[in-house]
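To start, the structure itself, in structure tokens.
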There are 2 protein chains.
Amino acid sequence: MVTTSREHDVIQQVLTIFSAHLEKKGFRKTPERYAILEEIYKRSDHFDAEALYIHMKNRNYRVSRATVYNTLELLVTCELVKKHQFGKNLAQYEKSYGYKQHDHIICTNCGQVVEFCHHGVQQIKDLVGDYYDFQISHHALNLYGVCGPCRKELELGIVRKHPKVTEEESGWGE
Amino acid sequence: MVTTSREHDVIQQVLTIFSAHLEKKGFRKTPERYAILEEIYKRSDHFDAEALYIHMKNRNYRVSRATVYNTLELLVTCELVKKHQFGKNLAQYEKSYGYKQHDHIICTNCGQVVEFCHHGVQQIKDLVGDYYDFQISHHALNLYGVCGPCRKELELGIVRKHPKVTEEESGWGE
DNA sequence: CTTGGTGCAAACAATTTGCAAGCGC
DNA sequence: GCGCTTGCAAATTGTTTGCACCAAG
């Protein structure tokens with residue numbers, strides 16, 4: 001996969017935003033932090049901390065898990081990355097800059113995650129937040145179900161025990 | 001707290017349902033399984049596996065954590081209990097029989113969980129499931145924000161580090 | 001130079017698993 | 001009695017922490 005110029009623009013923008021955030025908060029600008037942010041934005045979709053760690057290792061970056069977790073948290077607080085819990089005890093992350101706010105459908109069989117947008121969610125947030133006197137900052141709407149291909153698999157009696165996608169399969173390898 | 005006759009009815013119903021489910025699946029009807037289901041339905045609201053385990057211990061029931069987890073999973077599959085992940089790496093459960101389907105608002109400061117209903121969610125499920133060819137079985141809509149009382153606390157500069165509620169505080173004690 | 005950030009490994013917390021003993025069928 | 005379930009403890013998994021060293025400001 002080649003980095004397109006459009007991607008390059010986005011990466012420059014998020015690096016600038018991150019830099020400003022670090023400065024404002026008085027945090028140091030370390031190469032590790034920028035490297036992690038860059039790798040996240042070079043790739044797409046949903047990943048977990050371990051996959052990112054392995055990916056950095058494969059790229060011959062010297063980063064520790066601790067730094068990955070630390071940086072992910074920083075990126076979440078400055079809203080460049082979103083953190084999700086899709087029902088498993090495994091936090092999933094995704095880049096969020098320049099993305100329209102969206103929600104997720106998760107296939108309970110294969111673990112596939114599909115994004116969707118629906119304006120109705122915002123209405124519910126406003127109405128309900130107002131009614132219960134909560135200042136809503138964010139939300140998560142996850143729909144769980146079985147995708148088309150998996151329904152066929154299941155009809156044939158094929159059952160997957162561990163709907164886990166490995167690094168290679170998820171497109172994070174070289 | 002005294003067990004009301006209405007509660008008693010519900011408990012009888014869920015025990016019957018659970019019994020039928022165990023039978024259908026060829027699982028054994030052990031006293032532990034019934035005891036756990038009963039304790040869940042005697043109490044209300046959201047709890048985690050450890051709190052339930054401690055609660056059973058306090059009640060002088062001999063159950064192991066393994067059995068608690070095992071039984072919770074059984075109860076989730078037969079839809080007598082719902083499992084949630086409210087952003088922490090800690091599964092929360094709630095009884096679900098006889099409850100209208102609902103969603104949650106979570107206070108990010110104190111951890112309070114409020115339930116709400118909104119018909120709009122069903123529309124979204126139908127529409128989106130149809131569009132992406134997913135057979136949606138369930139969903140989770142969580143709104144995160146700060147509740148009224150906590151907004152006042154925060155204005156005064158009071159910050160809570162660990163919005164965790166203990167067994168006693170959550171009303172599971174004796 | 002000061003001190004926050006890092007890598008590493010050990011610590012933790014939630015959950016799962018292996019195994020011998022027990023009890024439902 | 002057979003073998004699923006249990007209790008217990010040890011193992012796993014995901015994440016956090018302690019500490020000595022390094023490098024950003």
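We name chains A, B, ... by the order of the sequence lines, and we start the count at 1 in each one.
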Expressed as a whole number of angstroms, how long is the span from A:Leu74:CG to C:dT6:P?
8 Å
Before accepting this row, confirm whether a basic side-chain N of the pair B:Lys95/B:Asp45 lies closer than 4.0 Å to the acidic partner's carboxylate O.
no
Is B:Lys42 salt-bridged to B:Glu7, going by a charged N under 4.0 Å from an acidic O?
no
Distance check needed: C:dT16 P versus A:Lys88 NZ, whole Å only.
10 Å
Residues that A:Arg33 engages under salt bridge (Lys or Arg N to Asp or Glu O under 4.0 Å), provided they are two or more places apart:
none
Going by salt bridge (charged side-chain N to carboxylate O under 4.0 Å, His left out), name the pairs with one or both residues in residues 116-126 of chain A, residues two or more places apart or in two chains.
none
Could you work out, with ring pair (Phe, Tyr, Trp, His ring centres under 6.0 Å) as the rule, every residue matching A:Phe86, not counting sequence neighbours?
A:His46, A:His84, A:His104
Examine D:dT6: is either OP1 or OP2 under 4.0 Å from a nitrogen or oxygen in the side chain of B:Asn70? Give yes or no.
yes
Could I get the full list of salt bridge (Lys or Arg N to Asp or Glu O under 4.0 Å) partners for B:Arg62, not counting sequence neighbours?
none
Tell me which residues in residues 16-24 of chain B put a heavy atom below 4.0 Å from DNA chain C, sorted by number, or none.
none
Euclidean distance, atom CZ of residue A:Phe86 to atom P of D:dG14 [Å, nearest integer]:
16 Å
Pairs involving residues 97-124 of chain B, ordered by first then second residue, that meet salt bridge (charged side-chain N to carboxylate O under 4.0 Å, His left out) (sequence neighbours left out):
none
For every nucleotide of nucleotides 15-25 of chain D, 5' to 3': is a protein heavy atom under 4.0 Å from its base (B), only from its sugar-phosphate (S), or from neither (-)?
BBB-----BBS
For atom OH of B:Tyr34 and atom C1' of D:dT6, their distance in whole Å:
16 Å
Under 3.5 Å between N/O atoms: give me all the protein pairs with nucleotides 19-21 of chain C, atom names plus distance.
none

Ring pair (Phe, Tyr, Trp, His ring centres under 6.0 Å) with B:His21: which residues, sequence neighbours excluded?
none
Apply salt bridge (Lys or Arg N to Asp or Glu O under 4.0 Å) to B:Lys57 and list each qualifying residue two or more places apart in sequence or on a separate chain.
none
Listed by chain and number, what are the side chain to side chain donor-acceptor pair (under 3.5 Å) partners of B:Ser64, not counting sequence neighbours?
B:Thr67
Mind checking what makes ring pair (Phe, Tyr, Trp, His ring centres under 6.0 Å) contact with B:Tyr97, not counting sequence neighbours?
none
How many whole angstroms separate atom CE of B:Met56 from atom P of D:dC8?
13 Å
